[in-house]
Amino acid sequence: VDEDPSDPQLMRLDNMLLAEGVSGPEKGGGAAAVAAATAAVGVGADNSIEHSDYRAKLSQIRQIYHTELEKYEQACNEFTTHVMNLLREQSRTRPISPKEIERMVNIIHRKFSSIQMQLKQSTCEAVMILRSRFLDARRKRRNFSKQATEILNEYFYSHLSNPYPSEEAKEELAKKCAITVSQVSNWFGNKRIRYKKNIGKFQEEANLYAAKTAVTATQAVAAAVQNSQTNSPTHCFCFCFSPCLFRFFRFV
DNA sequence: AAAGATGATTCACA
DNA sequence: TGTGAATCATCTTT
């Protein structure tokens with residue numbers, strides 16, 4: 001897919017989350033984080049997500065991740081100082097070595113970092129869910145506008161002898177039709193094969209578009225004729241033998 | 001609901 | 001790598 005929907009922001013978040021190696025699933029704990037993160041992936045009843053919607057939800061997830069992370073950080077610090085205070089109190093009744101304190105702090109930090117890992121994992125999952133739903137939504141087929149098909153058909157039937165638009169032509173068509181270049185490519189791919197399979201079925205359409213382009217060509221000729229009366233007459237000759245006109249006269 | 005139309009995807013090939 | 005062909009999935013028409 002050349003129009004990759006993967007948002008650079010999303011990739012950054014993914015990479016950030018995955019780079020540190022998310023640990024294996026540890027059940028229990030971090031449930032609140034999972035709930036918070038996945039809650040951000042709510043979708044409409046029709047299960048479709050607009051691009052802006054998608055971005056909004058993505059930043060929502062990111063925000064949840066960061067606030068949760070901050071909360072854990074704070075909780076970790078608070079708990080550590082709490083334990084330190086307890087140890088200090090205990091030191092009045094029994095001797096406590098610095099090594100024991102260090103060990104305690106280590107245990108606490110390990111515990112909290114494992115919780116943070118779970119947070120990362122659940123955020124990752126939430127992003128994945130969001131992304132897959134977004135992709136599903138994009139997968140949904142929607143017909144092009146009438147105007148767009150008109151433009152595409154005009155090109156197709158006026159280039160019937162070689163209906164292979166160049167990359168530049170595709171880009172221009174895409175721009176005119178407000179679709180992507182790959183959609184233009186798809187359209188032409190489908191059109192060529194379907195036209196070839198049943199030329200008879202498309203005859204009417206072909207005539208229609210040949211006539212349509214002929215009319216514009218005729219108008220151009222008329223303009224050229226008028227122009228040639230005041231300027232050089234060579235232009236008129238060129239217009240008269242345009243392929244569109246030629247085809248038009250063959251059909252009618 | 002069935003049939004037809006149409007945009008997208010997949011795969012093979014030159 | 002662009003294309004043809006087959007096919008899928010969804011939209012539109014009947």
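Each chain gets a letter, A, B and so on, in the order its sequence line appears, and its residues count up from 1.
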Checklist entry - Who pairs with A:Lys71 by salt bridge (Lys or Arg N to Asp or Glu O under 4.0 Å), at least two apart in sequence or on another chain? => result A:Glu68

Next on the checklist: Side-chain N or O of A:Asn186 versus OP1/OP2 of B:dA8: is the shortest distance under 4.0 Å?
Outcome noted: yes

Next on the checklist: For a quick test of reading the model, state the closest non-hydrogen atom pair linking A:Tyr155 to A:Ala169 and the distance between them.
Outcome noted: OH-CB, 3.7 Å

Checklist entry - Say you draw a straight line from CG of A:Leu119 to OG of A:Ser113; how long is it, rounded to the nearest 0.5 Å? => result 12.0 Å

What pairs of nitrogen or oxygen atoms, one from the protein and one from nucleotides 11-14 of chain C, lie under 3.5 Å apart?
| from | atom 1 | to | atom 2 | distance (Å) |
| --- | --- | --- | --- | --- |
| C:dC11 | O4' | A:Arg141 | NH2 | 3.2 |

Checklist entry - What's the CZ-P distance between A:Phe144 and B:dA5, to the nearest Å? => result 18 Å

Item to check | Terminal axis angle for the helix from B:dA1-C:dT14 to B:dA14-C:dT1, five pairs an end, nearest 10 degrees | outcome: 10°

Item to check | Under-4.0 Å side-chain N/O to phosphate OP1/OP2 contact, A:Lys196 with C:dA5 | outcome: yes

Checklist entry - Rounded to whole angstroms, how far apart are CG on A:Leu152 and C1' on B:dG7? => result 12 Å

Checklist entry - Between A:Lys176 and A:Gln147, is any pair of side-chain heavy atoms under 4.5 Å apart? => result no

Next on the checklist: Has A:Gln183 got a side-chain atom pairing as donor or acceptor with A:Thr180's backbone, closer than 3.5 angstrom?
Outcome noted: yes

Item to check | Rounded distance (Å) that lies between atom C1' of B:dG4 and atom CD of A:Glu205 | outcome: 14 Å

Next on the checklist: Is there a path of hydrophobic side-chain contacts, each under 4.5 Å between heavy atoms of I/L/V/M/F/W/Y residues, joining A:Ile199 to A:Tyr164?
Outcome noted: no

Measure all distances between protein nitrogen or oxygen atoms and nitrogen or oxygen atoms of nucleotides 11-14 of chain B, and list the pairs falling under 3.5 Å.
none

If you look only at distance, which donor and acceptor atoms sit under 3.5 Å apart when one is on a side chain in residues 184-193 of chain A and the other is two or more places apart or in another chain?
| from | atom 1 | to | atom 2 | distance (Å) |
| --- | --- | --- | --- | --- |
| A:Ser185 | OG | A:Lys170 | NZ | 3.3 |
| A:Ser185 | OG | A:Val181 | O | 3.2 |
| A:Asn186 | ND2 | A:Ser182 | O | 3.4 |
| A:Asn190 | ND2 | A:Asn186 | O | 3.2 |
| A:Lys191 | NZ | A:Asn153 | OD1 | 3.2 |
| A:Lys191 | NZ | A:Glu205 | OE1 | 2.6 |
| A:Arg192 | NH1 | A:Pro163 | O | 2.9 |

Item to check | For A:Gln74, side chain to side chain donor-acceptor pair (under 3.5 Å) partners two or more places apart | outcome: A:Glu78

Next on the checklist: Looking at the base of B:dG7, is there any donor atom on it, or on the side chain of A:Arg194, that sits under 3.5 Å from an acceptor on the other one?
Outcome noted: yes

Item to check | Sequence neighbours excluded - ring pair (Phe, Tyr, Trp, His ring centres under 6.0 Å) pairs with any residue from residues 196-215 of chain A | outcome: A:Tyr157-A:Tyr209, A:Tyr195-A:Phe202

Item to check | side chain to side chain donor-acceptor pair (under 3.5 Å) partners of A:Asn85, counting only residues at least two apart | outcome: A:Arg88

Checklist entry - How would you label the contact of A:Phe188 with the nucleic acid (heavy atoms, under 4.0 Å): base, sugar-phosphate, or nothing? => result nothing

Next on the checklist: Without decimals, in angstroms, what is the distance between A:Lys197 NZ and B:dA5 P?
Outcome noted: 13 Å

Interface polar pairs with nucleotides 1-3 of chain C, N/O, under 3.5 angstrom:
| from | atom 1 | to | atom 2 | distance (Å) |
| --- | --- | --- | --- | --- |
| C:dT3 | OP2 | A:Lys170 | NZ | 3.1 |

Checklist entry - Same cluster for A:Leu152 and A:Leu208 if Ile/Leu/Val/Met/Phe/Trp/Tyr side chains link at under 4.5 Å? => result yes

Checklist entry - Reckon A:Gln183 has a side-chain N or O less than 4.0 Å from the OP1 or OP2 of B:dA8? => result yes

Checklist entry - Looking at residues at least two apart in the chain, or sitting in another chain, which of them share a side chain to side chain contact (heavy atoms under 4.5 Å, CB included) with A:Ile108? => result A:Cys76, A:Phe79, A:Thr80, A:Val83, A:Phe112

Item to check | Rounded interatomic separation in angstrom, taking CG from A:Asn162 and P from C:dG4 | outcome: 10 Å

Item to check | A:Lys191 side chain near B:dG7 phosphate (N/O to OP1/OP2, under 4.0 Å) | outcome: no

Next on the checklist: Filter on salt bridge (charged side-chain N to carboxylate O under 4.0 Å, His left out), then keep only pairs touching residues 147-159 of chain A, sequence neighbours left out; what's left?
Outcome noted: A:Glu150-A:Lys212

Would you list the atom pairs, donor with acceptor, under 3.5 Å between side chains in residues 94-101 of chain A and any protein atom, with sequence neighbours excluded?
| from | atom 1 | to | atom 2 | distance (Å) |
| --- | --- | --- | --- | --- |
| A:Arg94 | NE | A:Gln90 | OE1 | 3.2 |
| A:Arg94 | NH2 | A:Gln90 | OE1 | 2.8 |
| A:Arg94 | NH2 | A:Glu100 | OE2 | 3.3 |
| A:Ser97 | OG | A:Glu100 | N | 3.2 |

Item to check | Nearest-angstrom distance from the residue atom CG of A:Asn190 to P of C:dT7 | outcome: 15 Å

